[in-house]
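In what follows, a structure is listed as structure tokens, so that the remarks can point back to it.
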Amino acid sequence: MLLNEMTWMEIRELLPQNPVVIQPVGSTEQHGPHLPLQTDILSAYEVARAAGERTGCLVAPPLPYVYSETWQTFPGTISFKPQTFMNCVSDIAESLVRGGFRKIFFLNGHNGNLAPLQTMIFQLLERYGREGEVLIGAGSYFMIAQEACAAIGDSFSDGTHANEFETSMVMQMRPDLVHVDRLGDWVYEPEFFLSFREGMTSVHKLPDSSRHIGVFGDPRRASQDKGRRYFEACVARVAEVVENFDPEYFGLGGGS
Ligand SMILES: [Zn+2]
């Protein structure tokens, strides 16, 4: 069910059932020469919608603006500051809780959101963590389903942006938006800007659109068939998470 297609009275009637609200968050940022800027939010929203249909969870309107600083030199990218993004998701959670919801899951489609989302969870813990009545979670649909996706194709081992996985996903959801003629006309030369290694995080420089086409990975391996299988794997895992969305599922039992 889509939250913004319902009336407030219909929503009020559902509250005694303690429904989960899935809030998709994504990005509006460059995705190479072959994918649209909406790739991350399209994926998060479509996976959320399918999981919502399967489980009866509510799906809130997608949030297309997030933290995308990495791709700022690529025209069209729109980024919030990390604090703006955290304030935004925190306000969404607070509005839903004030409206009577007790279970909120932020379904993320953009890697760069992970750290701000986790920090936001800590801030919400200070506000709602005393009584244990409210459960707020966040996760990336592609990480939640990582094991199943790795069995289908390259997944994220060869890159994490506009790669085989993301390209296949958009081929499945919106094939009209994929420029398949632009998949093979360049040589992939990885440049690393941000690294997570042996417990350390470091940043060297931001990607530059004058030297970089904005792809990490090899989209030439993408296909619509892989996209269909990736999509189904992601929907199945997200549906499982939201269907079992309670403290015990997260190993947080012990409360009443
Ligand atoms: Zn992406």
Side-chain angles (χ1 to χ4, degrees), residues 23-50 62-80 82 85 89 106-118 138-146 148-150 152-180 182-183 186 188 190-194 196 206-207 209 212-224 226-227 229-231 233-235 237-238:
Q23 171 63 66
V25 295
S27 70
T28 298
E29 67 175 18
Q30 79 79 19
H31 270 77
H34 61 290
L35 292 180
L37 270 61
Q38 63 164 303
T39 293
D40 290 350
I41 191 58
L42 174 73
S43 304
Y45 187 47
E46 291 304 321
V47 169
R49 282 208 318 172
L63 178 67
Y65 302 127
V66 295
Y67 177 59
S68 291
E69 194 63 30
T70 313
W71 303 115
Q72 273 298 287
T73 67
F74 293 69
T77 297
I78 298 174
S79 179
F80 280 168
F85 174 58
V89 287
F106 288 89
L107 187 65
N108 179 40
H110 167 62
N111 233 7
N113 289 340
L114 278 177
L117 276 171
Q118 284 171 346
S140 302
Y141 78 90
F142 45 88
M143 296 298 282
I144 293 169
Q146 195 174 24
C149 288
I152 295 166
D154 174 59
S155 191
F156 291 96
S157 61
D158 195 33
T160 57
H161 192 78
N163 60 343
E164 180 219 289
F165 171 80
E166 286 197 316
T167 305
S168 300
M169 285 288 284
V170 183
M171 283 175 165
Q172 153 71 12
M173 296 177 293
R174 286 292 304 273
D176 56 310
L177 296 180
V178 182
H179 299 271
V180 288
R182 299 179 192 162
L183 297 181
W186 50 275
Y188 172 59
E191 281 187 73
F192 295 101
F193 311 100
L194 185 65
F196 300 93
L206 285 172
S209 60
H212 198 286
I213 60 164
V215 174
F216 289 135
D218 190 348
R220 289 171 294 188
R221 298 183 198 151
S223 73
Q224 199 165 28
K226 281 181 186 169
R229 289 152 66 205
Y230 280 135
F231 186 80
C234 292
V235 172
R237 273 295 289 143
V238 171

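Counting starts at 1 for both ligands and their atoms, following the listed order. All values below come from the heavy atoms of this structure, side chains included, with hydrogens, waters and symmetry mates left out. For clarity, every value in this text was computed on a predicted model and none was experimentally measured.
For Asn111 and His161, the side-chain atoms include no donor-acceptor pair closer than 3.5 Å. Side chains of Glu46 and Tyr141: no donor on one and acceptor on the other come within 3.5 Å.
The closest side-chain heavy-atom distance from Leu42 to Met169 is not below 4.5 Å.
Counting only distance, with no hydrogens or angles, the side chain of Asp218 and the backbone of Glu164 share no donor-acceptor pair below 3.5 Å.
Residue contact annotation: His31 places an N/O/S atom under 2.8 Å from the Zn ion (ligand 1). Residue Glu29 does not count as close to the Zn ion (ligand 1), with no N, O or S atom under 2.8 Å.
Looking only at its N/O/S atoms, Glu166 has OE2 as the one nearest to the Zn ion (ligand 1). No other N/O/S atom of Asp40 lies as close to the Zn ion (ligand 1) as OD1 does.
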